[in-house]
Amino acid sequence: MYTQALNNLEAVTDVEDAGRNAAFQARVDNEYKIEPNDWMPEGYRKTLVRQISQHAHSEIVGMLPEGNWITRAPTLKRKAALLAKVQDEGGHGLYLYSAAETLGASREELNEQLLSGKAKYSSIFNYPTLTWADIGAIGWLVDGAAIMNQIPLCRCSFGPYSRAMIRICKEESFHQRQGYELLLTMCKSSQEQKDMVQDALNRWWWPSLMMFGPSDKDSQHSAQSMAWKIKRFSNDELRQKFVDATVPQAHYLGLTIPDEDLKFDEETGHWEYGEIDWSEFARVLKGDGPCNRQRMKARRKAHEDGAWVREAALAHAEKKKARKAQKAA
Amino acid sequence: MNDRLFAYTLRLADDAAILGQRLGEWCGHAPTLEEDIGLANIALDHIGQARALYTYAGEVEGKGRDEDQLCFLRKEREFSNCLLVEQPNGDFAETIARQFFFSAFMLPFWEKMKASRDETLAAIAAKAEKEAAYHLRHSAEWVIRLGDGTRESHERMQDAIELLWPFTGELFEADDTVKALVAEGIAVDPATMRDVWGETVKKVLGQATLEMPEEGWAQTGGRSGIHSEHFGHLLTAMQYMQRAYPGLKW
Amino acid sequence: MNEKTTPLWEVFIRSRNGMAHRHCGSVHAADAEMALQAARDVYTRRGEGLSIWVVPSAEIVASDPGAKDMMFEPTGTKIYRHPTFYEIPEEVGNM
């Protein structure tokens with residue numbers, strides 16, 4: 001799931017051959033896919049590596065808040081669905097790392113960037129999952145926002161990214177549906193559970209809106225990304241689509257969106273929403289969210305605890321190869 | 001109701017549920033992304049087996065208990081899984097050793113169970129056999145990889161084998177319930193599995209350059225509800241929701 | 001960075017009997033057996049496959065995109081290779 005439009009673009013350097021650049025842009029304009037070995041502007045490559053790896057990191061870190069509830073899922077059916085979903089997220093991270101690797105960035109290098117704090121990931125995963133309803137809220141809102149963000153990426157100009165996204169989007173719709181269905185079951189079952197769902201919505205609504213990134217007026221680099229067809233819609237366009245889709249869904253559950261300024265505009269046919277607290281967004285992105293440190297600590301621990309296993313696998317493979325060579329000789 | 005069949009089915013269900021629960025703890029924390037996904041697949045297989053077995057146990061019992069009531073609303077002393085599956089994940093070597101010992105038993109077990117006179121158990125076995133075959137292959141390869149890999153991995157793997165070895169004896173235990181059902185052609189006699197299990201373990205440990213432990217003391221008790229100290233904690237997490245919010249739909 | 005890199009493998013999956021194996025992604029693995037199992041665990045979670053190939057990525061030899069014109073352009077004019085190049089009266093029918 002979970003790209004966050006972070007708008008960190010590299011400018012095209014003028015040392016590059018203007019002719020090749022023009023030919024490249026013409027290919028993109030004609031909706032040709034760019035493949036890994038094709039010539040591409042350095043800025044395009046860097047932007048992609050960064051965006052794809054951030055996206056991959058988000059999937060991996062995103063396993064933690066939901067993974068928090070695997071051992072406590074209330075039924076076996078829910079346990080299986082949640083485990084399968086969190087596992088899918090690992091799979092999505094893997095597809096995305098593979099796409100980034102076609103651009104010459106190794107998995108180890110990318111992982112290092114995540115663990116050292118150099119690379120960013122979606123701010124949403126720095127919020128805690130406190131109750132079982134949070135699992136439903138994440139499926140409905142966070143995966144829902146991710147789908148909004150990701151469907152246009154299936155048409156991204158870079159072939160491997162676009163192909164990974166097609167696969168991911170196919171799998172993602174199960175996530176969003178299981179989340180909403182989970183909440184629906186709770187809301188229908190008892191008032192106590194419905195209150196739990198409302199509480200989850202209150203905590204996840206605004207962070208979900210932030211997933212689309214800064215508002216268009218503060219987003220300087222969108223134009224280049226749009227021209228390169230890495231990005232197809234602006235942050236605010238996608239955010240509006242998301243609000244328009246989710247508000248009626250919340251009402252169907254009998255819930256209240258925690259936004260006093262929310263109102264339907266008959267003329268435009270859109271739901272108008274209140275001001276997002278961008279200072280919170282900036283703060284969480286910078287590292288001061290409720291769980292940033294814990295998330296990184298958990299990832300580092302998994303990496304360090306697994307080091308001897310990865311070393312052993314490589315050592316065994318080497319030994320096996322040597323034995324085979326010896327036999328042949 | 002057939003008390004014995006209920007008790008027997010419940011044991012198999014508990015084994016699967018508890019191992020699935022343990023493996024689920026790995027999700028998001030495994031040594032590689034590929035293995036994270038691999039362990040989750042094994043966990044999902046076990047959870048699936050548990051669901052089918054609990055559902056059947058509930059039918060045999062005939063008191064209207066479903067899979068979730070059996071899994072989430074019984075107490076420590078009522079669980080009858082073997083001690084092996086409830087052992088904590090430990091390091092990756094311990095998780096692999098636990099899986100390897102268990103799957104090396106369950107593969108021939110399910111193979112035989114396919115011929116059970118109980119049609120439901122035979123059908124569950126037909127599906128579980130294929131899953132167990134993969135679990136065994138996956139875990140055995142890791143035993144070899146870690147045993148043969150580096151000095152550190154060799155030591156860790158050997159330690160894990162030694163640590164869990166005393167819990168393997170219980171797999172072959174047959175009490176009156178089992179004996180009676182074996183006589184009826186419903187259950188599999190676990191004693192007949194000892195040789196094939198021993199051969200598998202010996203072969204894999206040999207390839208892994210690991211020492212096979214001496215026969216020695218077998219710690220048992222799980223089948224009669226005498227568990228390890230860890231077990232209550234496992235149930236505390238697993239049953240939290242159903243205990244805190246009784247009688248609700250999720 | 002001191003972490004040794006684990007080799008990359010390309011994964012090809014045959015989705016149904018009779019179909020060709022198709023490239024579907026990649027995995028990291030120390031050896032071939034591990035790669036095969038990782039491919040199974042990662043790429044066939046929804047019953048996508050009946051058969052898997054894994055190939056070390058480093059072993060793949062690819063044509064140079066820069067040589068695309070030389071490689072693939074000349075064939076474009078050989079329209080006589082296509083059946084539609086030949087006009088046959090309709091009543092004769094196809095084979």
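Residue numbering restarts at 1 for every chain, and letters A, B, ... go by the order of the sequence lines. Predicted, not measured: the structure shown is a model, and the values here were computed from it.
- Within 6.0 Å of atom CD in C:Glu90, 12 or fewer heavy atoms from other residues, nucleotides or ligands are found, so the atom counts as exposed in its surroundings.
- Between A:Tyr97 and C:Leu8, every side-chain heavy-atom pair lies at or beyond the 4.5 Å cut-off.
- The 12-atom threshold is exceeded at CZ of C:Arg46, counting heavy atoms of other residues, nucleotides or ligands nearer than 6.0 Å.
- In this structure, SG in C:Cys24 is found 8.0 Å from OH in A:Tyr95, a value given to the nearest 0.5 Å.
- Interatomic distance, C:Asp31 CG to A:Lys319 NZ, rounded to the nearest 0.5 Å: 13.0 Å.
- Between chain C and the residues A:Arg167, A:His316, A:Glu35, A:Arg163, the most heavy-atom pairs under 4.5 angstrom are made by A:Arg167.
- With a threshold of 4.5 angstrom between heavy atoms, A:Leu314 approaches chain C through its backbone and through its side chain.
- Within a 6.0 Å radius of NZ in C:Lys78, other residues, nucleotides and ligands contribute more than 12 heavy atoms.
- Within the 4.5 angstrom heavy-atom criterion, no atom of A:Glu318 approaches chain C.
- Contact record, A:Ala313 with C:Ala30: O-CB, 3.3 Å, taken as the closest heavy-atom pair.
- Using a 4.5 Å cut-off between heavy atoms, C:Glu48 contacts chain A through its side chain alone, with no backbone atom that close.
- By the 4.0 Å N-to-carboxylate-O rule, A:Lys320 lies close enough to C:Glu33 to be salt-bridged with it.
- Chain C forms more heavy-atom pairs under 4.5 Å with one residue of A:Asp38, A:Asp88, A:Asn37 than with any other, namely A:Asp88.
- Contact of the A:Glu171 side chain with the C:Arg45 side chain is registered, since non-hydrogen atoms from C-beta on lie closer than 4.5 Å.
- Under a 4.0 Å N-O distance rule, the pair C:Lys4/A:Glu108 does not qualify as a salt bridge.
- Shown here is A:Arg323, whose CZ atom has more than 12 heavy atoms of other residues, nucleotides or ligands within 6.0 Å.
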